[in-house]
Amino acid sequence: MLADSRSKFKLLLALLLVALVAVLIIQNVEPTEVRFLFITVIMPRAALLAITLLAGIAIGILISLALSGHRSDRRLKHLEIEPPSQ
């Protein structure tokens, strides 16, 4: 029962964050100049915020996958059976 209430809380929190990000993006539509290395682009601030959000999500997923793979490798090493010594 406790796990069910935690999952509902996480879902509610995620929906609240999505709503806040949507409001932030919608309210920032004026054009802004973005410089990256040798490139200068003028784009709506909403597009810049959306790109930044998506890049952050992608980086978080990649780090999470890398760390979970490392953890599973460590677990497998603990599960390996060593041959009996003679």
Side-chain angles (χ1 to χ4, degrees):
M1 179 164 284
L2 184 63
D4 187 42
S5 63
R6 282 185 185 171
S7 63
K8 285 182 182 179
F9 176 74
K10 287 180 183 179
L11 179 62
L12 183 64
L13 185 62
L15 290 174
L16 178 65
L17 286 173
V18 167
L20 289 174
V21 168
V23 168
L24 178 71
I25 289 174
I26 290 170
Q27 288 182 340
N28 289 284
V29 292
E30 44 293 315
T32 188
E33 184 177 297
V34 178
R35 283 179 271 163
F36 182 71
L37 298 177
F38 305 107
I39 301 169
T40 301
V41 178
I42 296 176
M43 66 172 66
R45 195 172 294 158
L48 179 62
L49 289 168
I51 290 168
T52 305
L53 175 68
L54 293 174
I57 290 171
I59 290 169
I61 289 172
L62 290 174
I63 290 173
S64 175
L65 289 174
L67 291 178
S68 68
H70 179 67
R71 285 188 203 128
S72 65
D73 288 345
R74 199 174 343 155
R75 282 189 218 137
L76 287 176
K77 286 181 184 176
H78 290 294
L79 293 176
E80 289 178 358
I81 300 173
E82 295 183 19
S85 59
Q86 293 183 5

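Note that the structure is predicted; figures quoted are calculated from it, not measured.
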What about L12 and L20, same hydrophobic cluster or not, with Ile/Leu/Val/Met/Phe/Trp/Tyr joined at side-chain heavy-atom distances under 4.5 Å?
-> no
Verify the cluster assignment for V41 and F36: are they in a single hydrophobic cluster under the rule of side-chain heavy atoms below 4.5 Å apart?
-> no
Is there a path from I57 to L65 through hydrophobic residues (I, L, V, M, F, W, Y) whose side chains come within less than 4.5 Å of each other?
-> yes
Sequence neighbours excluded - salt bridge (Lys or Arg N to Asp or Glu O under 4.0 Å) pairs with any residue from residues 37-59 = E30-R45
At their closest point, which heavy atom of I42 faces which heavy atom of P31, and how far apart are they?
-> CG2-CB, 4.0 Å
Note, L53 side chain near L49 side chain (heavy atom, < 4.5 Å) = no
In the single-linkage hydrophobic clustering (I, L, V, M, F, W, Y; side-chain heavy atoms under 4.5 Å), do V21 and I61 co-cluster?
-> yes
Kindly give the heavy-atom pair with the smallest separation between V29 and P44, and that separation in Å.
-> O-CB, 3.8 Å
May I ask you to decide if S64's main-chain N or O and S68's side chain share a donor-acceptor pair within less than 3.5 Å?
-> yes
Measure the spacing between CG of L48 and OG1 of T52 and express it to the nearest 0.5 Å.
-> 4.5 Å
